[in-house]
Amino acid sequence: MEQRGIHGVWTHRWTFILAAAGSAIGLGNIWKFPYMAGENGGGAFVLVYLVCIALIGMPVMMAEVLIGRRGRMSPINSMRFVTREAGLHGAWTGIGWMGVVAGLLIMAFYSVVASWALKYVWATASGAFSGLDATQVGDRFSSLLADPLQMLCWHSLFALMTAGVVLLGVNRGLGAVANYMMPMLFLAVLVLVVYSFLHGNFSAGFHFLFDFQFDRLTWPGVLKAMGHSFFTLSLGMGAIMAYGAYMPPHASVAKTIITVGVLDTAVSLLAGLAIFPIVFANPPLEPGAGPGLLFVSLPIAFASMPWGSVFGTLFFILVTFAAWSSSVSLIEPGVAWLMESKKFRRAPATLLLTSIAWLLGISCVLSFNYWSELKPWFLLHRTPFDFLDFLTSQLMLPLGGLFIAIFVGWFMKKSVVVHEMDAEGHPLFDIWRFVVRCVSPVLVALVMVLTLIDSF
Ligand code: PHE
């Protein structure tokens with residue numbers, strides 16, 4: 001059985017790499033990784049995260065791409081196709097459904113963080129940070145959080161930007177972002193690392209990130225690190241499956257994914273190396289500052305470096321672009337499904353889904369002001385922002401990944417897997433298949449169960 005998609009095919013292997021990297025590299029790397037490492041004991045978190053990327057993230061990512069490539073449709077319909085092909089019960093399609101929902105839930109809080117980056121483009125460009133000290137920079141961020149109306153405006157702008165690209169269609173909408181912005185972001189982060197090396201407390205930052213103190217490790221911390229390895233690779237919700245559907249038929253899945261995974265990890269580690277030396281050199285800041293870490297640390301550097309407001313503006317533009325190319329992939333799986341199965345045209349499908357995410361996002365805007373103390377039991381005593389992050393990163397994405405691994409490892413015919421991986425006779429193929437069958441799912445399940453036991 002061969003499938004033909006209705007959405008077109010990437011023109012080149014590199015287009016796929018750039019698009020997948022565009023989805024993977026985003027706020028997860030530059031905003032979330034540093035703040036989570038800071039809150040969860042630095043090196044201990046980083047080590048678990050790296051192990052998870054290698055043993056779970058990249059192997060499962062290959063599995064996810066190959067489902068998409070086999071099905072050549074939206075995640076829901078690709079799942080339906082491969083499930084039928086394997087003669088299994090339709091319930092497996094649930095992976096696709098959960099993914100579409102997870103995408104919208106992630107978009108809700110993702111858009112709010114992206115809106116901070118947008119606001120900071122404006123703020124750095126107008127020189128708002130010049131000459132400020134660490135405390136004043138922190139106050140600026142707090143006053144943004146205290147202003148729901150302003151946050152709502154930026155949040156809406158970002159939602160519109162995302163809708164705009166999804167409207168154009170991934171092939172056309174994404175090319176420019178991926179081609180030029182990603183390499184530039186990489187360079188900008190490198191420049192910041194050099195700045196931190198010269199002007200920050202580099203050795204404290206380095207030791208914080210890479211000294212593995214196991215006594216700082218807790219099961220909930222391990223789950224967070226594992227969940228983050230899914231989040232950062234855009235895994236477990238169909239984004240990579242949807243992109244895999246547009247992958248040209250003869251391109252090595254393994255090589256492609258390894259490239260994406262390595263690039264993604266490099267950006268995260270470099271972002272950490274840029275941020276923590278600044279944190280340690282400016283005593284009022286602390287690594288556990290929480291979700292604002294990026295926005296209270298780097299502006300300090302921009303405040304004091306020559307050409308700081310120019311470079312800072314450029315940096316936040318690039319962060320916005322990175323967030324943009326990720327948010328597109330949060331909406332795309334659902335849009336592709338509405339178009340295939342519900343006969344929607346692209347425009348209404350995009351508008352519908354972006355609006356749902358935007359509406360939900362308002363609760364995340366309010367999480368930092370009016371509702372900051374409102375942590376109801378049904379959100380597990382969290383604000384909507386924290387709850388959506390928890391629900392998606394620590395439950396839905398790992399569960400999605402778990403089922404994808406089980407499906408590809410145990411239920412997809414080996415010949416189909418070999419064919420789609422383009423891995424005929426490759427010595428590493430069997431190792432990969434073993435990892436996807438036995439290692440990744442067991443690890444994911446184990447971490448989830450142990451965390452659950454630990455929290456009672
Ligand atoms: N990987 C993206 C980031 O790190 C976020 C994302 C998660 C995008 C899941 C798509 C799907 O910013």
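Both counts, for ligands and for their atoms, begin at 1 and track the order of listing.
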Can you list, pair by pair, the side-chain donor-acceptor contacts under 3.5 Å of residues 35-55, counting residues two or more places apart and other chains?
residue	atom	partner	partner atom	Å
N40	ND2	M36	O	2.9
Y49	OH	S268	OG	3.4

Checking W324 side chain against M161 main chain: does a donor-acceptor pair fall under 3.5 Å? yes
When you pair each N or O of ligand 1 with protein N or O atoms, which pairs come out under 3.5 Å?
residue	atom	partner	partner atom	Å
ligand 1	1 (N)	S23	O	3.3
ligand 1	1 (N)	A24	O	3.0
ligand 1	1 (N)	F231	O	2.7
ligand 1	1 (N)	T232	O	3.2
ligand 1	1 (N)	S234	OG	2.9
ligand 1	4 (O)	A24	O	2.9
ligand 1	4 (O)	G28	N	3.3
ligand 1	4 (O)	N29	OD1	3.4
ligand 1	12 (O)	L27	N	3.1
ligand 1	12 (O)	G28	N	2.8
ligand 1	12 (O)	Y110	OH	2.4

Begin with the C-alpha distance, continue with both residues' side-chain angles, and end with the deciding distance and a verdict on side-chain contact (heavy atoms from CB on, under 4.5 Å) for D147 and N369. CA-CA 7 Å; D147 187 349; N369 31 72; over 6 Å; no
Counting heavy atoms not belonging to F403, are there more than 12 under 6.0 Å from its CZ? no
Who passes ring pair (Phe, Tyr, Trp, His ring centres under 6.0 Å) against F208, sequence neighbours left out? F276, F280
Who are the ring pair (Phe, Tyr, Trp, His ring centres under 6.0 Å) partners of F368, not counting sequence neighbours? W116, F385
